[in-house]
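Fair warning: this is a prediction, and the values are worked out from it, not measured in the lab. So you know, we letter chains A, B, ... as the sequences are listed, proteins then strands, and number each from 1. The figures here come from the full heavy-atom set of this structure, side chains too, leaving out hydrogens, waters and symmetry mates.
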Amino acid sequence: MNGNNYGWGLPVAASSYAHDIDFGIILIHVAMVAIFVLWGIFFTYLLLKYRRRDGVPAEREHEHGALKSLAPDIVVMVFEIGLIVFYAIPSWSKIKMNFPQPGEANQVDIIAEQFAWNIHYPGADGKFGRRDPKLVHFSNPIGLDRDDKDAQDDVVLANEIHMPLGKPTLIRLSSKDVIHSFFIPEFRIKQDAMPGMVIPVWVTPTAVGKYELSCAQLCGFAHSFMRADVIVDTPEDFDAWLKSHAPVKQEAPTKAAESW
Amino acid sequence: MNTHDEHHGGHHELTFWEKYVFSVDHKVIGLQYLITSFIFLLIGFSLMMLMRWQLAFPGHPIPLIGGLLSSSLAPNGVMTGEFYNQLGAMHGTIMVFLGIVPLAVGAFGNYIMPLQIGAPDMAFPRLNMMSYWLYLPGGLMMLSSFIMPGGPAQSGWTSYAPLAIINPGQTVWLLSMVVIITSSLLGAINFLVTGLNMRAPGLSLDRLPIFVWAQLVTSVLLLLAFPPLEAAAVLQLADRVMGTSFYLPSGLIILGQPLKASGGGQPLLWQHLFWFLAHPEVYVLVLPPMGIVSEIIASGTRKPLHGYKTMVGSMISLGIMSFIVWAHHMFLSGMSPMLGNFFLVTTMIISVPSVAILTCMIFSLKGGSIRFTVPMMFALAFLPLFGIGGLTGLPLGLTTTDIYLHDTYYVIGHFHYVVVTGSIIALFAGTYYWFPKWYGRKMDETLGKIHFWGTVICMNGIFFPMFIQGMAGQNRRYFDPTAAHHNIPTQPLHIVSSVFAWLLFLFQLPFIYNFFKSMWHGEISEENPWQATTLEWACPSPPPHGNFAKTPRVYRGPYEYSLPGHKTDWFPQNEEAKA
């Protein structure tokens, strides 16, 4: 199992931008602990020094001392402006706004539903077959039109995603029913799947292994059971796997039925 | 005001019903709010104690009461996912809308604010009564959903569409919310009019106690933020019962069946309308507690608050800014990532006034003569604990780090540090502080100290482990955390949190006992037991109907402590200076 990916801290980092996110999380926590400790020492000192003692009245400070209360604010502001300008905006743009070209990426559509992840690969032709909500059936959870010529080699899976190592995977995320959220802790990626919208997500895995996709947005009574395995293979293994699954076989959709 | 003249002129005996049930006296209404909201807090907490069993020991029958629950909620005493989600949604709703807001505003605001401004009552006493008598039925209606077919709401207190529209139980939630929101709106208008127009002569705005400022800013927030939610709730109700599709896009397929709805709506619209209320709501939850803490720190240190004007300015800017940060709850919702940058910047800006307020509070301690009374201990505990709540907001407010931490236990830890170890701790402080005003008696110090240490330690024991779980990637709202592999290493921390949650309940027993025992048998308090300067201490405790025998006149600012040359170390606002 993938048990040793996880512990009491951040899980193993396994995507090209995981370290960008970890950098921010660690930097902020170091700063937070430093602020809290310094502040705590000052607080404790004040409580001890100025505790009530007989015959020692409180000192009224002079009114012009009020400016120094802004000093911590200036420090916080400088730190935050630095975070915004040099960290948050550049890394956010990199992860959420700059997508790989479809030609150079492994493409996959992920269609979430209560309580499963449907995975749709375009197959060797690189073209997704037509999907139509009217065709959705127990045996065809994503409503794939099998008469469409682009659909002939498409691969449809449930609760199992394969990705090639070192190559960006471009995901188009959507939902059939309610809001779900696509979260793979090892990749540090999260994105809500919003019904009525198709939202792009990309990730470049950096280590072969088995990871976990879970749903991060309350989606109903079985929310906590909505998970999938994420399998990162070498590009050769990935291609071999994809070939072995094309064309669409009937057992793929029925797997989804079995899980419920 | 007519009611007053009537009572003053006639002095007719009030019947029991007029005096204690359908009272128009702000003090009686304040105490009604106080008792009712404390009961709701206890109910909301009890729901959580049940959930904590499921989180700590998923799949094990609930001890003691498991067998009493109906088999649809907990077959053989084991909680179902539906029941867990019902408890979760109702816990959030009850704590926020029926517990903390009515306690902070309805109880403390109602009782203390008119006294602090030297007013005989609220501006609209009947409206005030109506606020309470909408709040209580609204709350009971919310609770009644537990016995309705389909049970209570189970889509989270955020009620995101489309889940909330297709899930059972939501209709009663929406109807109750409309009633509760109406109650809050009536209160907000009343508070604004009272605070601005009924100030005693001489009580200019720059002499208002911080608590009154906090109530005024809070009222503006309630007044402007609640109507959009009320409208949004009505639209969601229409989606549920009238077949509209405000929040439903076309082509939804629910469990394999096409949803019978016209479609064309937008689920994001609900999130925008909801958070447009719910972020200002956060400041509704923390501003009055900040006001309470400020009052107690001033009298507990025997010196003026540091930076009164900075604090007032910061509170006002918090209020204004709170209206333009809402979408930091929606960075990952599918909203344009470009828009995320805007809300990132406003979110960082709003931390500036918050830091300023905390800084002023801590600098207020410097040079003081600190009296470690029970209310002061709670007020002091507020500072570092609210500080943790504020600091942990930073990685959530930053877009990039929020990608990982969003919707994890880190978020739960963060906002519970803000509203539990922040707001609720401060509300306990206020209860101990103003209890002598309400009942003319003091609460017991020893029981108060037991309550203090037990509460503070247990609250940290519950919420601190959540930061570690969030860091490990544990999603919130999981009825069975062990279903995902990445949650297994931190599962023992759920047991820690749960044990502290149950201990926290035990440590509330001394408080409950202390409250009722002191109400009747407590040590009789002098008129101004904390030797404080603000106007609420210038009338008898408890104040008679109409509060002040003679309208007080105000000569100075609110916190004139340790003035050199004055005979005592406090100089009340209404005491005339000898020439």
Given a strict heavy-atom distance threshold of 4.5 Å, which part of B:Phe331 is in contact with chain A: side chain, backbone, both, or neither?
-> both

To the nearest 0.5 Å, what is the distance between CH2 (A:Trp8) and CE (B:Met471)?
-> 13.5 Å

Assess the pair B:His406 and A:Phe182: is the distance between their ring centroids shorter than 6.0 Å?
-> no

Where does B:Asp569 contact chain A at under 4.5 Å (heavy atoms): side chain, backbone, both or neither?
-> neither

Under 4.5 Å heavy-atom distance to chain B, tell me which part of A:His137 shows up: side chain, backbone, both or neither.
-> neither

Under 4.5 Å from any heavy atom of chain A - which part of B:Leu380 | both

Pairing of A:Glu59 and B:Arg302 as salt bridge, 4.0 angstrom limit = no

Quick check, are the ring centers of B:His485 and A:Tyr6 under 6.0 angstrom apart?
-> no

Any donor-acceptor N/O pair, A:Glu212 side chain to B:His486 backbone, under 3.5 Å | yes

Where does B:Met330 contact chain A at under 4.5 Å (heavy atoms): side chain, backbone, both or neither?
-> neither

Relative to chain A, which segment of B:Leu383 carries a heavy atom at a distance below 4.5 Å: side chain, backbone, both, or neither?
-> both

Among B:Leu252, B:Leu259, B:Ile253, find the residue that satisfies the side-chain contact (heavy atoms from CB on, under 4.5 Å) test when tested with A:Pro195.
-> B:Leu252

Applying a strict 4.5 Å limit to non-hydrogen atoms, the region of B:Ser250 in contact with chain A is neither

Which of B:Gly256, B:Gly263, B:Gly368, B:Pro481 touches chain A most, by non-hydrogen pairs under 4.5 Å = B:Gly368

If we only count heavy atoms from C-beta on, is the A:Met194 to B:Gln271 side-chain gap below 4.5 Å?
-> yes

Report yes if the distance between the aromatic ring centroids of A:Phe183 and B:Tyr404 is under 6.0 Å, otherwise no.
-> yes

